[in-house]
Visitor: 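Structure in structure tokens, see below.
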Amino acid sequence: MNRIGIYGSLGRMGQAIVAAMPALEAVHAGGVDAGEDPGPLARECDVLVDFSAPAALDAHLNAALAAGTPIVIGTTGLSPHHHDAIDAAAERIAVLQTGNTSVGVGLVMALVRDAARKLGQEWDIEIVEMHHRDKVDAPSGTALMLGEAAAAGRETTIAETGVQGRAGLVGARARGTIGFSSLRGGTVVGDHNVVFAGNGERIEIGHYAQDRAIFAAGAVKAALWLAGRAPGRYRMDQVLGL
Ligand SMILES: NC(=O)C1=CN([C@@H]2O[C@H](COP(=O)(O)OP(=O)(O)OC[C@H]3O[C@@H](n4cnc5c(N)ncnc54)[C@H](OP(=O)(O)O)[C@@H]3O)[C@@H](O)[C@H]2O)C=CC1
Ligand SMILES: O=C(O)C1=N[C@H](C(=O)O)C[C@H](O)C1
């Protein structure tokens with residue numbers, strides 16, 4: 001159960017995943033990129049990983065469903081429609097969707113949830129992320145996950161409390177909101193900082209990715225873990241044992 005097929009195989013992450021496979025005793029079963037039929041690869045591998053584009057997700061999920069093949073979804077910029085489709089697919093196949101496959105972010109998620117719960121509404125929460133100039137979605141998938149972790153710590157959701165970007169005469173900060181700011185430039189692999197700003201003091205919990213190899217190794221581990229599992233929607237913390 002170690003033959004991994006890659007959707008988005010020629011991209012930055014696709015190539016990093018191919019490079020990560022030998023050390024983890026995974027076998028590269030092949031790749032599919034834009035304009036190619038995802039069906040045959042889904043039938044020829046034990047598990048799929050998707051690091052492509054949101055516009056491709058419906059076709060990739062349908063191919064995985066038709067073949068009965070588990071799938072790890074790392075693609076970010078997903079809409080509520082995509083999450084509904086993932087929930088529906090997870091009734092028939094094993095699916096793991098995450099905006100970040102690294103060990104470090106897995107741990108930071110737990111720290112952020114805990115800090116938000118313990119600090120309470122008196123502390124303002126702002127999430128700042130920076131990525132390379134070619135990233136197309138904002139806020140990053142990781143920033144949104146960290147926001148949900150902070151919101152969960154306060155027993156709310158990002159849908160209720162999230163504020164994305166500020167410009168113009170926006171007024172004073174509303175209590176209880178969670179703000180997001182996105183920076184883009186250069187070759188930054190992925191920086192995330194969760195700022196807890198209190199009265200006269202500030203706490204920052206950060207994660208700074210220096211190499212895509214950390215995401216790639218996590219994606220391969222997640223795929224090997226998911227292969228052969230019963231239908232369901234799984235999480236990265238289950239893979240990492242966090
Ligand atoms: N979960 C995580 O840990 C991480 C997630 N990501 C996410 O992974 C995704 C990919 O990132 P990255 O590798 O940097 O991006 P790239 O743009 O380098 O690669 C994307 C790849 O997907 C291909 N692709 C685009 N559309 C389709 C399609 N319809 N069918 C099949 N393949 C398609 C592209 O082909 P073409 O160039 O021909 O369009 C390209 O090869 C992003 O959403 C990113 O945010 C990134 C890092 C870590
Ligand atoms: O596009 C990227 O590069 C990354 N995307 C993911 C995200 O949106 O959070 C993960 C990582 O930060 C790199």
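Indexing begins at 1, ligand by ligand and atom by atom, following the structure's order.
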Visitor: Taking only non-hydrogen atoms of K135, do any sit less than 4.0 angstrom from ligand 1?
Guide: yes
Visitor: Return the residue, atom name and 0.1 Å-rounded distance of the protein heavy atom closest to atom 1 (O) of ligand 2.
Guide: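 Of every protein heavy atom, K135 NZ, 2.9 Å lies nearest to atom 1 (O) of ligand 2.
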Visitor: Taking 4.0 Å as the limit for heavy-atom contacts, which would you say applies to F51 with ligand 1: side chain only, backbone only, both, or neither?
Guide: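 It is both backbone and side chain that touch ligand 1.
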Visitor: So for H132, does at least one of its heavy atoms come nearer than 4.0 angstrom to any atom of ligand 2?
Guide: yes
Visitor: Heavy-atom contacts with S140 under 4.0 Å: which atoms of ligand 2 show up? List them by number with element.
Guide: 7 (C), 8 (O), 9 (O)
Visitor: Can you tell which of A138, G99, P139 gets a heavy atom nearest to atom 10 (C) of ligand 2?
Guide: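 Result: the heavy atom closest to atom 10 (C) of ligand 2 is in G99.
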Visitor: Could you tell me whether ligand 1 has any atom less than 4.0 Å away from a heavy atom of A55?
Guide: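 No; A55 lies far enough from ligand 1 that no heavy-atom distance drops under 4.0 Å.
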Visitor: Heavy atoms, side chains only, cut-off 4.5 Å: are V112 and I125 in contact?
Guide: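 When only atoms from C-beta onward are counted, I125 and V112 do not touch, as no gap falls below 4.5 Å.
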Visitor: Indicate, as side chain, backbone, both or neither, the part of H60 found under 4.0 angstrom from ligand 1 when only non-hydrogen atoms are considered.
Guide: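 The part of H60 near ligand 1 is the side chain, not the backbone.
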Visitor: For atom 23 (C) of ligand 1, which candidate among I73, D134, D33, T76 provides the closest heavy atom?
Guide: D33
Visitor: What protein heavy atom sits nearest atom 7 (C) of ligand 2, and how far away is it?
Guide: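 I find the closest protein heavy atom is G141 N, 3.4 Å.
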Visitor: Tell me the contacting part of R212 for ligand 1: side chain, backbone, both, or neither, using a 4.0 Å heavy-atom threshold, strictly below.
Guide: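 Neither part.
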Visitor: Show the atoms of ligand 2 that are less than 4.0 angstrom away from any heavy atom in H192.
Guide: 12 (O)
Visitor: Are E129 and K135 within salt-bridge range, i.e. N to O under 4.0 Å?
Guide: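 No, no charged N to carboxylate O under 4.0 Å.
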